[in-house]
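Okay, structure first, notes after.
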Amino acid sequence: MSLAALFNTKVNAIENAKGTLPDATSSNLVPFTVCTNSWTPFIDDKLPSKGKSWRIIKEIMEVQNYKAELELMPWARAVKSVRDGDCDALPDAFYTDERSQWALFSEPYDQVNTVFFKRVDRELKPYESYDDLKGLRIGIIRGAAVTPEFDQTVGLQKVEVRDIRQGFSMLYAGRLDLQVTEDLPGLHELELMSKKYPSIGSKLVIINPYLAANSLHLAISKNSENASKILNDFNQGLAKLKSNGRYQQIMNDYK
């Protein structure tokens, strides 16, 4: 089964089961905007319910009487929109000290493995510390966080790319030695790119060890009206979904 087919999971009939959502109409729900890029299988408007993360976030906010709206845009623009308060929240965000200056972070609702991809024919010595990566051209997505240690390591040759597609194109062409991204979104993007470059899926591979397992949070703009209340409401809604079993049902749909 292809990754695309795997991610195109069924939407359970229980999604709108009685008791899951509050007895409220759209007219009395509080508007709430979420800005991010497409990041399969977590958020993608081509997937059922627009992906696992969006399904979780939307249901949490509906339970708490919010009407969540999703706006897709490049990641760096989404970060700026939330930082400036033009958008209420950034989903699937890794916690960083820098981001905590302008955002409040929810309790984690999922996690993802952050990894390096390389060309299969590029011989690289195993790395034990980030110092072993010095001298290598490492692609990083503009505006993205990796790990605090990686982000703060000086002397690494970090090359900013617009998105993972550009990073993989440069890696495939030999203009990068490594590309940082997350495992499932990265593998999905390679499958999409293989339609134009048939060999790319076999040429680019994940290397071990993984960099980190990063928790995913909703980062709520401190410039958003009632940011602290939104944070509390989200955390309470997440606790409700976990206590009534709904959270686990959603997670099971995306296994």
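Here the structure is a predicted model, which is why all the values come from computation and not from measurement.
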For Phe116 and Tyr210, what are the C-alpha separation, side-chain angles and deciding distance, and is it a ring-ring contact (aromatic ring centres under 6.0 Å, His included)? CA-CA 7 Å; Phe116 284 127; Tyr210 285 3; over 10 Å; no

Where do Leu216 and Trp39 land on the side chain to side chain contact (heavy atoms under 4.5 Å, CB included) test, with the steps shown first? CA-CA 13 Å; Leu216 301 182; Trp39 202 48; 4.1 Å; yes

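Within 6.0 Å of CZ on Arg175 lie no more than 12 heavy atoms contributed by other residues, nucleotides or ligands.
No chain of hydrophobic side-chain contacts below 4.5 Å, direct or via other Ile, Leu, Val, Met, Phe, Trp or Tyr residues, connects Leu190 to Ile207. Both Val63 and Tyr247 are assigned to one and the same hydrophobic cluster, defined by single-linkage of ILVMFWY side chains at heavy-atom distances under 4.5 Å. Phe117 and Trp75 are assigned to two separate hydrophobic clusters, defined by single-linkage of ILVMFWY side chains at heavy-atom distances under 4.5 Å. The hydrophobic cluster containing Ile138 also contains Tyr127, counting ILVMFWY residues as joined when their side-chain heavy atoms lie under 4.5 angstrom apart, directly or transitively. Put simply, Leu204 and Ile140 are part of two different groups of oily side chains (I, L, V, M, F, W, Y) that touch within less than 4.5 Å, one to the next.
Taking each heavy atom of Ser169 and Met193 in turn, the nearest pair found is OG-CE, 3.3 Å. A pairwise comparison of heavy atoms in Ala93 and Phe105 identifies CB-CE2, 4.2 Å as the closest pair. Heavy atoms only, all atoms of each residue included: Tyr109 and Pro91 are closest at OH-C, 3.7 Å. Between Lys158 and Thr153, the shortest heavy-atom contact is NZ-O, 3.7 Å. Here the closest non-hydrogen pair linking Ser38 and Asp44 is OG-CG, 3.5 Å. The minimum heavy-atom distance between Ser49 and Tyr254, with the atom names listed, is CB-OH, 4.2 Å.
Within the structure, the salt bridge (charged side-chain N to carboxylate O under 4.0 Å, His left out) test picks out no pair touching residues 88-97 (sequence neighbours left out). Among residues at least two apart or in separate chains, salt bridge (charged side-chain N to carboxylate O under 4.0 Å, His left out) pairs with a member in residues 124-145 are Asp131-Lys134, Arg137-Asp177, Arg142-Glu160.
Considering only heavy atoms from C-beta on, Glu69 stays 4.5 Å or farther from Val34 through its side chain. The shortest distance between side-chain heavy atoms of Asn65 and Val30 does not fall below 4.5 Å. Counting only heavy atoms from C-beta outward, the side chains of Phe168 and Leu176 never approach each other to under 4.5 Å. Side-chain atoms of Leu70 and Ile43, non-hydrogen and from C-beta on, do get closer than 4.5 Å to each other. Inter-residue side-chain proximity for Ile206 and Lys118 is flagged as unmet; no heavy-atom pair is nearer than 4.5 Å. You'll find the side chain of Val161 reaches within 4.5 Å of the side chain of Met170, heavy atoms only. You'll find the side chain of Tyr66 stays beyond 4.5 Å of the side chain of Ile60, heavy atoms only. A heavy-atom distance below 4.5 Å is not found between the side chains of Met61 and Leu29.
Using a cutoff of 4.0 Å between basic side-chain nitrogens and carboxylate oxygens, Asp121 and Arg119 are scored as salt-bridged. Note on Asp253 versus Arg55: salt bridge recorded, some NZ/NE/NH1/NH2 to OD/OE distance being below 4.0 Å. By the 4.0 Å N-to-carboxylate-O rule, Arg165 lies close enough to Glu189 to be salt-bridged with it.
One finds the CD atom of Glu59 at 9.0 Å from the CD1 atom of Ile56 (value rounded to the nearest 0.5 Å). The OG atom of Ser53 lies 10.0 Å from the CG atom of Leu218; values are rounded to the nearest 0.5 Å. Here Asp110 contributes atom CG and His217 contributes atom NE2; the two are 10.5 Å apart, rounded to the nearest 0.5 Å. Going from atom CH2 of Trp102 over to atom CG of Leu90 covers 5.5 Å, rounded to the nearest 0.5 Å. Phe42 CZ to His188 NE2: the interatomic distance, rounded to the nearest 0.5 Å, is 12.0 Å. In this structure, OG1 on Thr33 lies 5.5 Å from CD on Glu71, to the nearest 0.5 angstrom.
In this structure, the side-chain contact (heavy atoms from CB on, under 4.5 Å) partners of Ser228, at least two apart in sequence or on a different chain, are Leu104. The side chain to side chain donor-acceptor pair (under 3.5 Å) check on Ser199 picks up Tyr172, with sequence neighbours excluded. Partners of Arg99 according to the salt bridge (charged side-chain N to carboxylate O under 4.0 Å, His left out) rule, which considers only residues two or more places apart in sequence or in another chain, do not exist here. For Asp45, there are no side chain to side chain donor-acceptor pair (under 3.5 Å) partners, not counting sequence neighbours. Partners of Lys222 by salt bridge (charged side-chain N to carboxylate O under 4.0 Å, His left out), not counting sequence neighbours: none found. Take Phe234 and apply the ring-ring contact (aromatic ring centres under 6.0 Å, His included) test, not counting sequence neighbours, and it matches no residue.
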Donor-acceptor contacts, no H, no angles, side chain residues 236-243, under 3.5 Å, sequence neighbours left out:
{"from": "Lys240", "atom 1": "NZ", "to": "Gln64", "atom 2": "OE1", "distance (Å)": "2.8"}
{"from": "Ser243", "atom 1": "OG", "to": "Ala239", "atom 2": "O", "distance (Å)": "3.3"}
{"from": "Ser243", "atom 1": "OG", "to": "Lys240", "atom 2": "O", "distance (Å)": "2.9"}

Please table the atom pairs, donor to acceptor, closer than 3.5 Å between any side-chain atom in residues 178-187 and protein atoms at least two apart or in another chain.
{"from": "Gln179", "atom 1": "NE2", "to": "Gly139", "atom 2": "O", "distance (Å)": "3.1"}
{"from": "Glu182", "atom 1": "OE2", "to": "Thr114", "atom 2": "OG1", "distance (Å)": "3.1"}
{"from": "Asp183", "atom 1": "OD2", "to": "Asn113", "atom 2": "ND2", "distance (Å)": "3.2"}

Indicate every side-chain donor-acceptor pair of residues 76-86 with a distance under 3.5 Å to a residue at least two apart or in another chain.
{"from": "Lys80", "atom 1": "NZ", "to": "Asp84", "atom 2": "OD2", "distance (Å)": "2.7"}
{"from": "Ser81", "atom 1": "OG", "to": "Arg77", "atom 2": "O", "distance (Å)": "3.0"}

Let me have the donor-acceptor pairs involving side chains of residues 144-151, under 3.5 Å, with sequence neighbours excluded, atom names and distances please.
{"from": "Thr147", "atom 1": "OG1", "to": "Tyr130", "atom 2": "OH", "distance (Å)": "3.2"}
{"from": "Thr147", "atom 1": "OG1", "to": "Phe150", "atom 2": "N", "distance (Å)": "3.0"}
{"from": "Asp151", "atom 1": "OD1", "to": "Val146", "atom 2": "N", "distance (Å)": "3.3"}
{"from": "Asp151", "atom 1": "OD2", "to": "Val146", "atom 2": "N", "distance (Å)": "3.3"}

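A donor-acceptor pair under 3.5 Å is absent between the side-chain atoms of Asn226 and the main chain of Lys229, judged by distance alone.
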